[in-house]
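Encoded as structure tokens, the structure appears first; notes follow it.
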Amino acid sequence: MSTRIAFLKGHGTENDFVIVPDPENAIDLPPAAVAALCDRRAGIGGDGVLHVVRSAAHPEAREMATEAEWFMDYRNGDGSVAEMCGNGVRVFARYLQRAGHVAEGDLAVATRGGVKTVHIAKDGDVTVGMGKAFLPEGDVTVSVGERSWPARNVNMTNPHAVAFVDDLAHAGDLLAPPPFSPPTAYPDGVNVEFVIDRAPGHVAMRVHERGSGETRSCGTGACAVAVAAARRDGADPAVTGVPATYTVDLPGGTLVITERPDGEIEMTGPAVILAEGEIDAEWLENAAL
């Protein structure tokens with residue numbers, strides 16, 4: 001390992017990431033090292049790490065290499081591995097553009113949730129094909145303090161519980177994972193979204209992201225919220241044949257989510273690279289101990 005490791009810092013609607021370019025998958029990033037990088041006082045700070053690797057160089061992505069040159073090896077802020085991160089994919093694409101690996105237009109990005117189609121627009125927004133939502137059967141309840149709400153179980157290759165509430169303040173501080181029942185609904189934990197209505201086709205949300213706590217934004221969470229809102233509103237594009245579009249306000253900005261009649265979901269929003277620098281390799285090695 002060299003004495004210095006390049007990094008960048010970026011965010012998508014203030015869901016922020018440490019970006020570590022590593023085309024040949026030569027940098028070891030155990031959970032403790034990732035958590036140290038994401039520490040907002042003793043590290044660089046971020047909701048997660050975007051480890052940028054060529055698909056052919058990563059054992060989890062080699063089978064996707066013919067479809068997508070680049071693999072988003074995403075880690076949560078606590079170092080745990082995540083299947084997918086919607087805001088992360090947009091920032092990942094913006095990095096690839098900045099580094100000269102891709103240009104405006106369409107590209108494919110490999111993730112643990114499969115290959116995602118991405119479009120980088122001239123106006124700066126990035127649209128990600130997020131795939132289809134899966135809606136598991138069964139009742140789910142989430143709670144904060146003495147309050148509890150029914151929640152819609154939505155899977156976007158990662159699990160979500162979407163609860164519609166009267167006031168976003170009822171979600172509390174979201175420092176700890178909100179309890180849910182039954183415990184068998186989410187054996188590996190869950191992202192929990194609390195949602196209020198602002199207007200027809202327009203909602204606002206707060207989210208506790210599994211492994212990161214409350215974040216300023218969550219792309220897969222916004223998609224889950226839009227799907228849950230559409231079903232609540234009787235708008236299933238597969239039935240009506242009409243796309244369902246929701247504007248989703250998050251603490252860090254706004255995303256536009258569209259579910260098409262074929263079930264495919266598109267998410268559009270900004271992606272910003274704001275800084276770059278170097279990590280001391282010795283510090284990172286010590287942090288991993």
Side-chain angles (χ1 to χ4, degrees), residues 12-13 15 17 19-20 25 29 31 34 47-96 106-120 126-136 152-162 185-193 207-212 215 217-228 248 255 257-260 262-269 271:
T13 50
N15 194 188
F17 309 97
I19 304 160
V20 181
N25 197 28
L29 288 175
V34 171
D47 293 320
V49 166
L50 303 177
H51 186 207
V52 185
V53 184
R54 280 197 167 87
S55 298
H58 199 288
E60 293 184 70
R62 286 182 186 132
E63 292 184 355
M64 295 181 277
T66 56
E67 297 179 70
E69 180 181 1
W70 295 96
F71 173 56
M72 185 181 78
D73 176 18
Y74 180 67
R75 319 292 182 84
N76 292 315
D78 66 353
S80 60
V81 171
E83 301 90 342
M84 179 47 190
C85 176
N87 288 316
V89 174
R90 297 202 319 279
V91 175
F92 189 92
R94 179 70 75 223
Y95 163 75
L96 293 178
D106 298 328
L107 67 143
V109 174
T111 75
R112 289 185 178 86
V115 175
K116 305 301 178 183
T117 57
V118 180
H119 179 79
I120 303 174
V126 180
T127 297
V128 179
M130 299 290 286
K132 299 179 180 181
F134 174 63
L135 303 174
R152 188 70 190 244
N153 190 347
V154 183
N155 193 291
M156 291 295 306
T157 71
N158 58 356
H160 297 269
V162 181
Y186 304 106
D188 299 317
V190 63
N191 305 287
V192 182
E193 288 81 23
V207 58
H208 180 282
E209 282 199 67
R210 178 183 57 167
S212 296
T215 59
S217 181
C218 176
T220 57
C223 293
V225 164
V227 169
V248 182
L255 297 171
I257 313 297
T258 296
E259 184 181 12
R260 304 198 313 244
D262 63 2
E264 293 292 326
I265 298 169
E266 294 180 340
M267 173 190 63
T268 299

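The analysis underlying the following values was restricted to heavy atoms, covering all of them including side chains, and did not include hydrogens, waters or symmetry mates. Keep in mind the model is a prediction, meaning the values are calculated, not measured.
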Taken in chain and number order and not counting sequence neighbours, the residues that satisfy side chain to side chain donor-acceptor pair (under 3.5 Å) with Thr215 are Glu209
Can you tell me how far CD1 of Ile120 sits from CG of Leu96, rounded to the nearest 0.5 angstrom? 7.5 Å
Does any N or O in the side chain of Lys116 come within less than 3.5 Å of the main-chain N or O of Met84, such that one atom is a donor and the other an acceptor? no
Tell me whether Asp262 contacts the main-chain N or O of Glu264 through its side chain, where contact means a donor paired with an acceptor under 3.5 Å. yes
What's the shortest heavy-atom distance between Asn15 and Cys85, and which atoms? OD1-SG, 4.2 Å
Spacing of CE belonging to Met72 relative to CD1 belonging to Ile19, to within rounding of 0.5 Å: 11.5 Å
Please assess Val91 against Val89 for the test side chain to side chain contact (heavy atoms under 4.5 Å, CB included), listing each intermediate value before the final yes or no. CA-CA 5 Å; Val91 175; Val89 174; over 6 Å; no
Give a yes or no answer on whether the side chain of Arg210 reaches the backbone of Asn191 with a donor-acceptor pair at less than 3.5 Å. no
Could you please spell out the steps behind the side chain to side chain contact (heavy atoms under 4.5 Å, CB included) verdict for Val20 and Val52? CA-CA 6 Å; Val20 181; Val52 185; over 6 Å; no
For side-chain hydrogen bond (donor to acceptor under 3.5 Å, both in side chains), just list the numbers for Asn87 and Ser217, CA-CA rounded to whole Å, side-chain angles, deciding distance to a tenth of an Å, and then say yes or no. CA-CA 8 Å; Asn87 288 316; Ser217 181; 2.9 Å; yes
With rounding to the nearest 0.5 angstrom, report the CE to CD distance, Met130 to Glu259. 12.5 Å
Looking at every heavy atom in both Val227 and Ala133, which two are closest together, and how far apart are they? CG2-CB, 4.0 Å
Do you know the tightest heavy-atom contact between Gly189 and Pro159? O-CG, 3.3 Å
Any heavy-atom pair between the side chains of Leu107 and Val109 that's under 4.5 Å? yes
Main-chain N/O of His160 paired with Tyr186 side-chain donor or acceptor, under 3.5 Å: yes
Using every non-hydrogen atom in the two residues, find where Thr157 and Gly113 come nearest and quote the distance to one decimal. CG2-O, 3.8 Å
With side chain to side chain donor-acceptor pair (under 3.5 Å) as the rule and sequence neighbours excluded, what pairs involving residues 64-75 come up? His51-Asp73, Arg54-Glu69, Asp73-Arg75, Asp73-Arg112
Where the side chain of Thr127 meets the backbone of Thr268, is there a donor-acceptor pair that is under 3.5 Å apart? no
Evaluate the side-chain hydrogen bond (donor to acceptor under 3.5 Å, both in side chains) criterion for residues Asp78 and Ser80: first the C-alpha distance (whole Å), next the side-chain angles of each, then the deciding distance (0.1 Å), finally the verdict. CA-CA 6 Å; Asp78 66 353; Ser80 60; 2.6 Å; yes
Measuring from atom CE of Met156 to atom CE of Met267, what distance do you get when rounded to the nearest 0.5 angstrom? 8.5 Å
Apply side chain to side chain contact (heavy atoms under 4.5 Å, CB included) to residues Leu135 and Asn155 and explain how you reach the verdict. CA-CA 6 Å; Leu135 303 174; Asn155 193 291; over 6 Å; no
Measure across Val53 and Ala57 and return the closest heavy-atom pair with its distance rounded to 0.1 Å. CG1-CB, 4.1 Å
For Ala68, is there any backbone N or O sitting under 3.5 Å from a side-chain donor or acceptor partner on Ser55? yes
Before giving the answer on side chain to side chain contact (heavy atoms under 4.5 Å, CB included), spell out for Ile257 and Glu266 the whole-Å C-alpha distance, their side-chain angles and the decisive distance to 0.1 Å. CA-CA 6 Å; Ile257 313 297; Glu266 294 180 340; over 6 Å; no
For Gly219 and Leu255 the tightest heavy-atom approach is CA-CD1, 4.2 Å
